[in-house]
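For ligands, and for the atoms within them, numbers begin at 1 and follow the listed sequence.
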Amino acid sequence: MISALMPNYNRADLAFERGEGAWLFTADGRRYLDFGAGIATSSLGHGHPGLTRAIAEQAARVMHVSNLYRVPQAEALAARLVANSFGDSVFFCNSGAEANEGMVKMIRKTMAENGHPERWRIICFDGAFHGRTLAMISATGNPNYIKGFGPAVDGFDHVPFNNLNALRDAIGPETAGIIAEPIQGEGGIRSAAPDFLPGLRAACDEFGILLGLDEVQTGMGRTGKLFAHQWTSITPDVMSLAKGLGGGFPVGAIVATEAVARNMRPGTHGTTFGGNPLACAAGNAVLDVVLAPGFLDSIVERAAVLRHDLEALAAEFPSIVEEIRGQGLLLGLKLAVPNTAMQGACLAEGLLTVAAGDNVLRLAPPLIVTPEDCSAAVAMIRRAVTALAEPKVAAQ
Ligand code: PLP
């Protein structure tokens, strides 16, 4: 008989009762070091006092009022995102896919309002992941997500990631904009080459189209800057956020320049739950930590040590780990053995990780992870790699 919970996930047979910092505990007292952070989402780890207090206090006062009224918590969160980004205005929603859907709508709407309704197509990249809604499985650069759900939603053209010539060739009279991840997360922690985002910006400016960045996974401090594109010289016209924004509370956002946001007049777009007081209290509590002086720099420092230790491990076990990828606390081990085997070996050592495409094991610990947690994780990965490297003893 089918389970009451729909069988669309491949769940490990593990249930966590509580968490503290980067650690999760089962009801029977086993503890796991969480280097998956709920797929790059629990940015402040588990049981963070500031975040849990903010949520509890806001829940006791008022959770939801709808967007028929002003929401001071949303106004504050939007102002802080604007103050710390290229953006001039923010729309709140509930998930990454929803943020990306809205981002596409804003790109098309801006083109239409600027006298180019014929420009409606979006260029996306092979290996991209933008979410699971009908349009976003078409934007996502992997046909597996569409199988059985077709036909694909029209309007998304795909070109190889990190190939600016292919990108420029793909821009046509119907192109409205480009959407890219600064680091492809689900696709295998594949970083944009140094000239790639500047090249996208230049192409957008030359052809009069818009640049949208999907920072759902890379944003909110994950790479050591508040947004990953801040490592480059360029800014997008619009950007999607979710995952770490609420530290585990569901909240997404679209950050846009005034030239884009001014087209979103009353009636153009909306969502019931988006930007409610509770979600925005969570977002503000996350920003209290991430924007505290020195916090982002400390991510860079801790991540540099973690990466150095992982590089050493890769050099020691080249038959298992081919390469270390990524930036900040979004790292990938490109493996020569199946990533699921490595994930299982890590789990056996008490380390939670997340598989990614291209046979990569993803590490995305909470941003509050300590140097001791990182050393413990490397020791667990070392034991896991050693176990995989040992020749199997023949069964007796
Ligand atoms: N965009 C990127 C880059 C993501 O990594 C994800 C989720 O993994 C999404 C969009 C979709 O986000 P959500 O699952 O919140 O809809």
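Both the sub-6.0 Å distance and the 45° axial angle are satisfied by Arg302 relative to the ring of Phe295.
With hydrogens and angles left out, the side-chain atoms of Thr257 and Asp237 include no donor and acceptor closer than 3.5 Å. Looking only at atom types and distance, the side chain of Thr26 has no donor-acceptor partner in the side chain of Glu17 under 3.5 Å away.
In this structure, Lys243 counts as a contact residue of ligand 1, since one of its heavy atoms falls inside 4.0 Å of the ligand. Not close to ligand 1: Ile39, with no non-hydrogen atom less than 4.0 angstrom away.
For an aromatic pair to be called close, the ring centres must be under 6.0 Å apart, and Phe273 with Phe92 fails this.
In summary, Arg80 and Asp288 engage in a salt bridge, as defined by a charged side-chain N under 4.0 Å from a carboxylate O.
The ligand atoms of ligand 1 that sit less than 4.0 angstrom from a heavy atom of Asn100 are 1 (N), 10 (C). Distances below 4.0 Å separate heavy atoms of Glu181 from the following atoms of ligand 1: 3 (C).
A heavy-atom distance below 4.5 Å is not found between the side chains of Asn263 and Met106.
Between Glu98 and ligand 1, a contact under 3.5 Å exists for no N or O pair. Ligand 1 has no nitrogen or oxygen under 3.5 angstrom from a nitrogen or oxygen of His130. Between Ala97 and ligand 1, at least one pair of N/O atoms sits closer than 3.5 Å.
There is no protein heavy atom less than 4.0 angstrom from atom 14 (O) of ligand 1.
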